[in-house]
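One structure is given here, and the rest of the page talks about it.
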Amino acid sequence: MPTRDAAPLGAPCWIELFTNDAAAAHAFYGDLFGWKIEVAEDFGGYGTFHLDGVPVAGCMGNSDPAHPADFWTVYLRVEDAAATLDAAKAAGGGEILAPMPIGDLGHMALTADPSGAATGLWQAGSFGGIGVLNEDGAPAWFELHTMGYDAVLPFYRDVFGWDIHTVSDAPEFRYSTLGKDEAGLAGVMDDAVHAPEGSPSFWATYIQVADADATAAKAAELGGTVEMPPEDTPYGRLAVLSDTTGSRIHILQPNA
């Protein structure tokens, strides 16, 4: 299984689940994707999911009743979390969480882009983030679903240095990528075309699976929900699932 030390600057480098029931999440994703959890009591019980011993995702228990939502966050690799957060605010973004050190692992922060999507910032220390991509059970694609497409493209270009390429600019499907064609590292979809007015903007992560239909069925057996049944697309057989507390995760079965 090929591994990597760190993502390129500006690219997705880590995914993290914020959940009201960490124990249930550990069991659900362990059974669904074969992930093993390692909990660090030194960091407030923070859990790291591993695939065959390689880190692929994080899990933090939510004990704040003022923020009851369960959700996944995508982190982008940055050189300086504090400077990037300042740049994000100057470019029309907002501050969700000020930069903070995580031991010697690195520094984290959270910004809201101009459409309101929460985006994590990770300044790597000893920990680079996701160690494997595009293998069954590992992240395979990262996608921003935004209600403010025209505003967020210059935001990610200017703040994170994205090299943005237009895939489609048709009224019914507007989509751009960080990097071109096979070198793409993330996508941006104009959700305002399809989603009801007032819908939130959010980052989605696709986990690669060998069989999307079997994985969706297993998610339901484990107490999750199949929000969008598997369907064939030019990019693979895709489905949208949610876990036992409602956190949404996408799956992708590559085309042959």
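All heavy atoms count here, side chains included; hydrogens, waters and symmetry mates do not. Residues take their numbers from the sequence shown, with the count starting at 1.
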Margin query: Taking CD in E95 as the centre, count heavy atoms belonging to other residues, nucleotides or ligands within less than 6.0 Å. Is the count above 12?
Written below: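 More than 12 heavy atoms, drawn from other residues, nucleotides or ligands, come within 6.0 Å of this atom.
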Note to self: Looking at Y235, I want to see if its OH is surrounded by more than 12 non-hydrogen atoms of other residues, nucleotides or ligands under 6.0 Å.
What the structure shows: no
Do [X] and [Y] belong to the same hydrophobic cluster, where Ile, Leu, Val, Met, Phe, Trp and Tyr are linked whenever their side-chain heavy atoms lie under 4.5 Å apart, directly or via other members?
X    : Y    : value
L178 : L153 : yes
M108 : F49  : yes
I164 : L76  : yes
L133 : W141 : no

Next item on the list: Quick one: which residue pairs count as a side-chain hydrogen bond (donor to acceptor under 3.5 Å, both in side chains) with a foot in residues 213-222, not counting sequence neighbours?
Entry: D213-R237
Notebook entry, point to check: So which of F18, Y206, Y29 actually passes ring-ring contact (aromatic ring centres under 6.0 Å, His included) with W72?
Noted result: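 Going through the options one by one, the only one that passes is Y29.
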Next item on the list: Would you confirm whether the ring centroid of W35 sits within less than 6.0 angstrom of the ring centroid of F33?
Entry: yes
Check: With a 6.0 Å cut-off on ring centres, are Y46 and W14 close enough?
Finding: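 Distance test on ring centres: not under 6.0 Å, no.
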Next item on the list: Ignoring hydrogens and angles, tell me if any N or O in the side chain of S168 forms a donor-acceptor pair with the backbone of F173 under 3.5 Å.
Entry: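 Indeed, once roles are kept as given, a pair shorter than 3.5 Å links the two residues.
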Next item on the list: Please name all residues satisfying salt bridge (charged side-chain N to carboxylate O under 4.0 Å, His left out) with D150, sequence neighbours left out, ordered by chain then number.
Entry: R174
Item checked: Option passing side chain to side chain contact (heavy atoms under 4.5 Å, CB included) with D243 (candidates L222, T225, L17, D21) ->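 Going through L222, T225, L17, D21 one by one, the side chain to side chain contact (heavy atoms under 4.5 Å, CB included) with D243 is satisfied by L17 alone.
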